[in-house]
Amino acid sequence: MSYCRQEGKDRIIFVTKEDHEAPSNAELIADDPHDPYEEQGLILPNGDINWNCPCLGGMASGPCGSQFKEAFSCFHYSKEEVKGSECIDHFRNMQECMQRYPELYPQEEDKESSNQPQEKSASDSTEGHSLSPQTDPVPVSSPTENQTAT
Amino acid sequence: MTSRPVSGLVLQRDVGVDVVWDLARAGSSRAAPRRPDGLGESRAVAAIMLKCRSAWGKLAPFARGAATLQRQNVTRTGLTNGRTTARVPAAHMATWPAGGGQNHLYVLLVGATCVGGAIYAYRTVKGDQRRYQERIAEISSRPHRRAKEATAGLHAEPPAQEVVATAVAESEAPVDPPSEEPDARSAAPSETTQPPQDEPAAEEAPAETLAEEAAGRDSAQPSPALPWHAPYLLIGGGTASFAAARSIRARDPGARVLIVTDEADLPYMRPPLSKELWFSDDPAVTDTLRFKQWNGKERSIYFQPSSFYITPEELSNAENGGVAVLTSKKVVHMDVRGNKVKLDDDAEISYDKCLIATGGVPRNLQVLDRAGDEVKSRTTLFRKIDDFRSLDKVSRNIKSITVIGGGFLGSELACALGRRSQDSGLEVIQMFPEKGNMGKVLPEYLSNWTTEKVKTEGVKVISEALVKSVTCKDDQLEIKLKDGRLVKTDHIVAAVGLEPNVDLAKSAGLEVDSDFGGYRVNAELQARSNIWVAGDAACFYDIRLGRRRVEHHDHAVVSGRLAGENMTGANKPYWHQSMFWSDLGPDVGYEAIGIVDSSLPTVGVFAKATAKDTPKAATEKSGTGIRSESETEDVASSAAAPPTPAPAVAAPKDDYGKGVVFYLRDKVVVGIILWNVFNRMPIARKIIKDGEEHADLNEVAKLFNIHED
């Protein structure tokens with residue numbers, strides 16, 4: 001049983017679980033997936049990779065950023081049967097670069113990096129997070145609904 | 001001169017003399033000291049022209065008269081002769097009039113006058129110009145001379161480790177004596193050591209030593225110089241700046257980004273300084289600045305370790321670009337026309353695109369400012385790493401500490417110190433003019449509830465307290481309040497707001513907002529063509545909520561990122577609403593978004609809280625440390641340990657366990673607080689983005705599923 005109280009200009013409503021069981025009739029405006037203002041997920045509407053996605057952490061902007069971009073682009077656009085099979089060199093470059101900065105790219109990502117391409121496009125978060133534990137404090141608010149849409 | 005019959009001619013001559021005399025006088029009166037402005041010169045010339053014209057006007061009828069006379073003479077002789085009539089007309093006008101000497105003289109006089117006037121005008125203009133150029137060159141040469149005096153010599157000194165700015169000034173190279181060049185820019189200082197370089201924009205910087213090194217690495221030999229040109233220059237080394245740097249690097253491959261900060265530290269995040277770092281068990285926390293997140297993972301407050309950055313010296317030549325940080329350097333002057341800035345050591349850096357992210361400085365109470373050194377030495381204004389270190393040290397050695405201010409920072413510090421007091425017996429007092437903690441943010445009932453919570457953290461809260469005066473007596477501070485109460489304490493922390501840093505507004509000619517403070521920018525965060533502002537210092541236009549200035553961490557991230565995107569050509573307005581959060585101890589926390597001002601009418605929808613609804617549980621479940629991070633991560637299914645039960649704290653009497661509070665402006669929701677309800681920020685963001693009038697906010701509250709975890 002919900003009840004209501006008014007304290008000056010502030011209104012307070014207490015609700016029980018049952019009160020909130022019926023679905024809401026509040027109307028929300030439908031989102032436009034191609035809204036140019038909105039933050040995008042990892043993959044942009046035109047199919048390109050959004051390098052500025054918070055989910056990537058600092059991967060595209062660090063010292064090994066260019067190697068990472070090459071490797072991941074190659075994988076993303078790869079049309080081979082085994083996706084990314086022609087990109088081995090790029091990934092090797094990237095790995096070599098990352099080994100030069102153990103502080104930034106801790107070594108347990110070695111086996112992650114081979115899993116990483118497959119997982120990246122699906123769920124951006126956890127892998128990226130463990131890949132660069134140092135590098136992800138900054139990126140913050142990206143709407144998760146957009147990410148799941150991609 | 002003959003007294004020839006035609007009186008006109010005689011008159012002419014006199015007039016001619018008079019005219020010359022007038023002109024001369026006019027000229028000499030103008031010779032008085034005059035400002036070297038174009039206006040004065042042209043005025044003089046115009047006056048002379050006028051005189052000439054009027055003189056000519058006077059002379060013209062006589063000239064005509066003389067000519068007619070000649071013709072008449074000629075025709076008379078012609079008539080008398082009867083022979084040369086046919087040849088009389090125009091030809092005589094064109095050639096020297098037969099009148100001879102007198103007309104000669106007349107022509108000569110007029111000619112001489114005009115030429116004289118012209119010569120005079122020319123010389124005056126030239127002289128003025130020369131004087132102007134000399135003056136400008138003299139002014140611009142003054143700072144060079146000063147720099148020259150302060151310099152050590154032409155050669156490089158091997159730079160050592162991290163050095164303060166004073167050492168830098170010594171090693172600056174002397175400058176070629178400033179030339180009399182009218183173009184002050186090419187005489188720019190400290191750019192030339194060996195072959196003098198004229199262009200400040202030269203990529204290959206001449207050899208110079210700047211003995212500051214962010215990474216603490218040694219460059220053994222005379223090191224290459226500071227980058228005199230940075231394609232992307234970010235002024236300020238805080239959260240907004242770092243976010244922009246990351247954004248730029250992501251979007252512009254190989255971008256060269258230079259961050260200039262007056263702090264000695266690399267970019268770091270501020271929230272842990274008043275929260276997590278205080279809860280750390282590590283005694284060395286003030287050195288390591290590492291904190292344990294709720295999920296057990298440790299991290300540093302620095303966004304990136306130093307190996308992420310390249311040195312400023314390497315910036316010009318780095319193959320793939322990079323981010324360089326110039327620490328302990330302050331930008332003191334900005335030349336928008338010339339696209340360059342000047343540092344406090346007189347070095348100049350030119351840029352293509354510039355971001356101003358200078359943040360702000362903590363405000364101080366007037367009574368404290370005027371209170372004298374004894375009081376000031378016992379006062380902390382809290383913002384930076386150094387402030388954290390000194391407060392940590394101080395708080396271990398005193399018996400009583402007072403926090404003045406009841407907002408976010410004040411309350412968080414009071415709670416953090418209060419926590420500590422349980423071990424050390426430190427007395428923690430918090431005083432503020434409002435009725436309760438967060439009085440300007442939370443509606444009264446929640447503010448009161450929060451105040452009770454703060455008290456249980458061990459803080460003595462004195463509300464409705466206005467500080468009248470502070471004095472130092474017997475090594476203790478005495479705070480006298482306006483209502484007569486007296487509070488004795490050992491140390492004061494003033495958390496009374498932030499003053500945005502707009503020092504560059506004057507030199508850059510940027511607009512400062514009078515309502516909110518900060519640089520005024522448009523919805524794309526742009527102040528001028530190549531200048532953007534982000535973070536605490538930006539007063540921007542929010543398309544949904546109107547013009548505002550926001551001082552939260554997430555806003556710094558969002559606006560910094562947006563500025564970085566726009567600096568690389570995106571042209572996107574501020575659209576994605578930033579959020580903020582606050583934890584008052586591990587049991588009460590909230591996230592908020594939009595305009596959260598307690599003066600607005602509010603509607604709060606609450607349910608009863610269970611043990612599972614605490615900030616600690618929320619972060620554990622999503623596997624992240626900083627609350628705002630959990631926004632970007634999908635809530636991992638392989639999450640960490642199940643939530644631990646909340647520590648045994650007496651349940652608050654009122655039922656404000658968890659819920660949603662809507663802030664309304666003209667019946668539209670402009671702000672939302674999620675009270676002990678987590679991971680629902682996207683819904684809140686959507687509601688604000690829509691900007692719709694909702695008849696029944698209870699229905700809107702249903703969207704949040706507050707009864708669920």
**Complete:** Rounded to the nearest 0.5 Å, the CG atom of B:D696 sits from the CG atom of A:N25 at a distance of 7.0 Å
**Fill in**
For B:D690 and A:I29, the nearest pair of non-hydrogen atoms, with its separation, is OD2-N, 3.0 Å
**A:P36 side chain reached by B:K572 side chain, heavy atoms, under 4.5 Å** = no
**Request:** Output the option from B:N705, B:L664, B:V605, B:I687 having the highest count of non-hydrogen pairs under 4.5 Å with chain A.
**Result:** B:V605
**Fill in**
Nearest heavy-atom approach of B:Y445 to A:D10 is CE2-CB, 4.0 Å
**Request:** Tell me, out of B:A701, B:A318, B:A250, B:G564, who's got the most heavy-atom pairs with chain A below 4.5 Å.
**Result:** B:A250
**Request:** Count the heavy-atom pairs under 4.5 Å between each of B:P443, B:S598, B:S247, B:A695 and chain A, then report the option with the highest count.
**Result:** B:S247
**Request:** Would you mind checking which part of A:N50 comes under 4.5 Å of any heavy atom in chain B, side chain (CB onward), backbone (N, CA, C, O), both or neither?
**Result:** neither
**Fill in**
With chain B, the option among A:S24, A:G62, A:A60 that has the most non-hydrogen atom pairs under 4.5 Å is A:S24
**Message:** Whether A:E38 and B:K689 form a salt bridge (side-chain N of Lys/Arg under 4.0 Å from carboxylate O of Asp/Glu) is what I want to check.
**Reply:** yes
**Asked** Any Lys/Arg nitrogen of B:K702 or A:E21 sitting under 4.0 Å from an Asp/Glu carboxylate oxygen of the other?
**Response** no
**Fill in**
Between the CG atom in A:L28 and the NE2 atom in B:H694, the distance rounded to the nearest 0.5 Å is 6.0 Å
**Prompt:** Judged by atom type as modelled, is there a donor-acceptor pair below 3.5 Å linking the side chain of B:R251 to the main-chain atoms of A:W51?
**Reply:** no
**Message:** Keeping B:E699 on the side-chain end and A:A26 on the backbone end, is there a donor-acceptor pair under 3.5 Å?
**Reply:** no
**Request:** Count the heavy-atom pairs under 4.5 Å between each of A:G8, A:A22, A:G65 and chain B, then report the option with the highest count.
**Result:** A:A22
**Prompt:** Non-hydrogen atoms of chain B under 4.5 Å away: do they reach the side chain of A:E27, the backbone, both or neither?
**Reply:** backbone
**Request:** Hey, could you give me the CG/CH2 distance between A:D35 and B:W575, rounded to the nearest 0.5 Å?
**Result:** 7.0 Å
**Message:** To the nearest 0.5 Å, what is the distance between CD1 on B:I706 and NZ on A:K17?
**Reply:** 11.5 Å
**Prompt:** Do the rings of B:F606 and A:F14 sit parallel, tilted or perpendicular, given the 30° and 60° boundaries?
**Reply:** tilted
**Fill in**
When the 4.5 angstrom heavy-atom criterion is applied to B:A255 and chain A, the contacting part is neither
**Message:** With a 4.5 Å cut-off on side-chain heavy atoms, are A:I12 and B:T602 touching?
**Reply:** no
**Prompt:** Any donor-acceptor pair under 3.5 Å linking the side chain of B:H707 with the backbone of A:T16?
**Reply:** yes
**Message:** Counting only heavy atoms from other residues, nucleotides and ligands, does the tally under 6.0 Å from CD of B:E319 exceed 12?
**Reply:** no
**Message:** So which atom in A:P63 and which in B:S307 form the shortest heavy-atom distance, rounded to 0.1 Å?
**Reply:** CG-O, 4.1 Å
**Request:** Identify the heavy atoms of A:S61 and B:F308 that sit nearest to each other, and give their distance.
**Result:** O-CZ, 3.9 Å
**Asked** Does OH belonging to A:Y77 count more than 12 external heavy atoms closer than 6.0 Å?
**Response** yes
**Request:** Could you check which of B:A570, B:P601, B:P253 has the highest count of heavy-atom pairs closer than 4.5 Å to chain A?
**Result:** B:P601
**Message:** At a heavy-atom distance under 4.5 Å, which candidate from B:G321, B:G560, B:S599 has the highest pair count against chain A?
**Reply:** B:S599
**Item:** Main-chain N/O of A:N52 paired to B:R561 side chain as donor or acceptor, under 3.5 Å
**Value:** yes
**Message:** If we ignore hydrogens and angles and just use 3.5 Å, is the side chain of A:K9 paired with the main-chain N or O of B:L600 as donor and acceptor?
**Reply:** yes
**Request:** Could you have a look at B:I301, B:L703, B:N571 and say which one has the most heavy-atom pairs with chain A under 4.5 angstrom?
**Result:** B:L703
